[in-house]
Every structure is written in structure tokens, then in C-alpha cells.
Amino acid sequence: MESLRIDNTGKLIVSGMQQANGILEISGAKNSVLPIMAACILTDEKIILRNVPDISDVNTMIEILESSGKTVNRVKDTLYIEKSEKINSEIPYEPVRKMRASFNVYGPLTVINKISKVALPGGCSLGARPVNFHIDGLMKLGIESKIEHGFVYGKIKPIEKSEVHISLDFPSVGATEHILTTATLIDGVKTIINNCAMEPEIDDLANFLNKMGANIEGIGTSKIIIHGVKKLHGIDYKVIPDRIEAGTFIIMGALIGKNLTIKNINAEHLESLFSKLDEMNIEYNLKGNEVKISSSLNKKLNATIIDTAPYPGFPTDLQSQMMVLCSLIDGRTTIKENIFSNRLSIIDELNRMGANIKAENNNLAIVDGVRFLSGAPVQATDLRSSAALLLAALVAEGETIINNVDHIFRGYEKIEEKLKNVGIKIEYYE
Ligand code: UD1
């Protein structure tokens, strides 16, 4: 990465009207590997994790595991997470503030150490992101939590019931994962989580835990049953491909692809995206675990309606990228964000590039298609808006400077290198 210090925030300088031609390989799923790493606290045996993306969120989770007392070594895309003499019960503010998924260590740490102190999480600025479902669910498993001075203090007591029912008010991904993971070691207790999230990354986590010796039923459904066991053991596990990275590059292909091939995808996990592309008349050629795609912008495309929803609905994590595509399609598209309260901040930035998008009620984007976008200085506010602005910059006329772009390294492995391999010119400045 070329390094030239302009100010303290990273920038990408991207010239527009580029074409992507060649092969892009999808990395392991960020949203799988993070809760899986948190679950490693539950065993003192060695875990080998494969297909781990080299992204800053993984580095943050490594820091958290190390501050818990684990040793973590990375060799290429494999992590070796080793036994430690003693697990610390305190996780400091610094790593936790960077990433919300770090909170998933709280339940496992409390189960293992009986007490814990974990900083409240940060992450992308996506409106209010409380952890009440986590805390309430864990309470039913015997974990009492007290929040003081930005930390959660946990204490576990044996529960008298042999069966615990938890019903989530909303199918939260993080809460499902956190409760599911923690419940695996509540020995002798059957935990039933109703209205749980069904994201593929949750299946991946549950498969990982079962391989470690957990007893989880109902994987892939909205009712997961966990029979608590005494002990979990070390394993060797490969995480699934990242469907959001894949979706981002597929949308890029629809914008600027020229026989772009995207390899190592799981098409089943991307059904909501593919069916939207079909509806919009965007062509692609899907065969097994790869998809070939060229720009469809010279065709008559259909405006559409996008409503983000928990899986298998349209993912909120692809909403901003789709907004870029829809902004170049004749007619009016409406995009409703139903998961996060503050995920439309990209509208102002896209409008600076010549898009015609209005926000209504803080969660509805009304996108009227324009003929072209034009390069401009813009500001990224979160991980997915960084990716979306990059797509906009690649298709726009002229040069775009994306400020505050470092969010992108939280979730996209070697993005510059991958794009350069398909003929894209971008420059990063620290
Ligand atoms: C995960 C993903 C993120 C994705 C999101 C929704 C990871 C590491 N991150 O985030 O990429 O965008 O799912 O698919 O997997 N909520 C509460 N109380 C809680 C928990 C959540 O009110 O205790 C609310 C949130 O504020 C939000 C909604 O529920 O409005 C969904 O959040 P959740 O599914 O928990 O998202 P994350 O697990 O944080």
C-alpha cells in the first residue's frame, strides 16, 4: 500500500469510467469468523480456523482474544488459537470500542471465569445499537449483568430450571449468536431461542460449535435448541465465503464489469440479490460457485423496490451498494432500510456526485435515476458506505476522492490488490 500522509484519515483516489475484467476470489466471511473467534474462549484446546480474511475486524478480535489470555498466530489465511494458562475476565475499552461483534466474548468469558468485565461495544455509526437482547437472553442463562462507567460486569449463577425459553423481539444476528454460543456450555440445560436470526453466518457458527462437541438443533430455522454440555474441544474448521463481499463485487460487475468472474461464492446465500437483479433485467451467468457478469448499464433496466429485512430478505449490508446501481437506472426506485436507523447517510454523498435521491422519514430513499454520476470529494461514514462510494467512484465521470475510507478495511480483504488484479486503478493515501 502506497503511503503518503495527507492527514490522519485514509483516502482513496479513484478515477472513473473504469472496467473490471478478470477473476476476483471471495474471501472468508467476516460475519462468520468474528462470532466463531469469540466462541473459541469456550475451549482450552487448540482451534485451527481456515479461510480467515485479513481484515481489520479480525485483527481487532485477535487483540480481544489475546487480552483474554489466548495466543493467536496467523499463517496466511489460517489462525491458530491456542490454550492459555488462564483466561482473563476483563476486556478493555480500546479493542471493544472499534467493533460491535467484540461484545460476543462477554457470555463465553462469564461462563468460563464465573465473572467478567467487558467494555460496551462501538462499531459503525449506524444509529442506536443497543445490546439489550443480549443482556436479557444471557440473564435467563444465569448471567447477571450490571452496566457501570461504560463496562458490563457479569456474574453467573447456576439456574434452577432445566429448560430455558428465550424469545427475541427482533431476530438480532448478534444476540442470536451470543446467546447460542453461551448456552452450549450451560451444562444440563436445554435452551430454546425463538424468533432467532437465520443468517448463514449463524449456521456456520452453530456448525462450528457442534463440531466442537456442542449439541445444537434447528440450525437454519427461526427456533434453535441448544442442549448444554460439559466441555467443548479443539477442532480444525473452514469458514464460509463472505456473501456481502461477493454481493458488493456482483453489483460492481453490473456497473463496470467486462466478463468479470467472481469465484468462491455460495449462490444460495445470495438468492435475494440475484432475484432483485433478475427483476431489474441485469444479466449474469451463474454456474456452481462462480458468477460471470458484465455491465448492464447499456441495456433497458427496470427500477425496483428494495426493502431490507433479516435473512433470507434483502441484506442491509448490500443496501448502499444497490443504491448506487439504482441511481443509474431510469425511473424511480424506492429503498426502505428496516434494520438500522441511520443507514442512509450515503444519500448526501451520492447526491454530491450527481445522483437524485431524497430521504424520507429517515429510513426511505427515493431514487430517481440519472444518466451519469460525476466524480467529487466524498466522505464515507461506515463500512458498507465506503464500499458503495467506491462503486460510485468507479462508474462516475472524472476523479473521486473518498475521505475517511479506512472503514473499508474492516470488511474487505486486500481490496486494492483484488481490484488492481481486475484492471482497476485506485490509489490509497494514509
Ligand atoms: C450483524 C452484522 C452486520 C449486519 C447486521 C444485520 C456481524 C458482525 N454484523 O450486526 O454486518 O448489518 O447483523 O444483518 O455479524 N438490536 C437491539 N438490541 C439488541 C441487538 C440488536 O435493539 O440487543 C437492534 C439493532 O439496533 C438493529 C437490529 O436490532 O436495529 C439488528 O441488529 P443485529 O441483527 O443485532 O445486528 P448486529 O449483530 O449488530
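Just so it is clear, the values below take in all heavy atoms, side chains as well, and ignore hydrogens, waters and symmetry mates. All ligand and atom numbering here is 1-based and tracks the order in the structure.
Of the N and O atoms on the side chains of Ser27 and Glu413, at least one donor lies less than 3.5 Å from an acceptor on the other residue. For the residue pair Ser145 / Tyr106, a side-chain donor-acceptor distance below 3.5 Å is found, with atom types taken as modelled. No side-chain N or O of His269 forms a donor-acceptor pair with one of Glu271 less than 3.5 Å apart.
Heavy atoms of Ala197 stay at 4.0 angstrom or farther from ligand 1. Contact analysis puts Arg343 in contact with ligand 1, with a non-hydrogen atom separation below 4.0 angstrom.
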Please set out all donor-acceptor pairs under 3.5 angstrom arising from side-chain atoms of residues 32-41, sequence neighbours excluded.
residue	atom	partner	partner atom	Å
Ser32	OG	Asp204	OD2	3.0

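By the 6.0 Å and 45° rule, Lys117 does not stack over the aromatic ring of Tyr153.
For the ring-ring contact (aromatic ring centres under 6.0 Å, His included) condition, no pair includes a residue of residues 46-67, sequence neighbours left out.
Counting heavy atoms closer than 4.0 Å to ligand 1, residue His134 contributes atoms from both its backbone and its side chain. Only side-chain heavy atoms of Phe170 come within less than 4.0 Å of ligand 1; its backbone N, CA, C and O stay farther off.
Summarising the local packing, NZ of Lys238 is surrounded by 12 or fewer heavy atoms from other residues, nucleotides or ligands at distances under 6.0 Å.
For Phe274 and Tyr284, the ring centers are positioned less than 6.0 Å apart.
The distance from ligand 1 to the heavy atoms of Thr316 drops below 4.0 Å at these ligand atoms: 6 (C), 12 (O), 14 (O). Remark: ligand 1 atoms within the under-4.0 Å shell around heavy atoms of Ala101 are 8 (C). Atom numbering of ligand 1 starts at 1 in the shown order; those under 4.0 Å from a heavy atom of Gly174 are 35 (O), 38 (O).
Taking any N or O of Asp317, backbone or side chain, at least one lies under 3.5 Å from an N or O belonging to ligand 1. Taking any N or O of Leu34, backbone or side chain, none lies under 3.5 Å from an N or O belonging to ligand 1. Where the criterion is an N or O separation shorter than 3.5 Å, residue side chain and backbone included, Arg384 fails it with respect to ligand 1. At least one N or O atom of Ser172 sits closer than 3.5 Å to an N or O atom of ligand 1. For a threshold of 3.5 Å applied to N or O pairs, the pair formed by Ile339 and ligand 1 contains at least one separation below that value. In terms of polar-atom proximity, Phe340 is not counted as a contact of ligand 1, lacking any N or O under 3.5 Å from an N or O of the ligand.
Looking only at side-chain heavy atoms (C-beta outward), Glu427 and Lys11 stay at 4.5 Å or farther from each other.
Closest heavy-atom approach to atom 2 (C) of ligand 1 within the set Thr308, Asn31, Val173: this belongs to Asn31.
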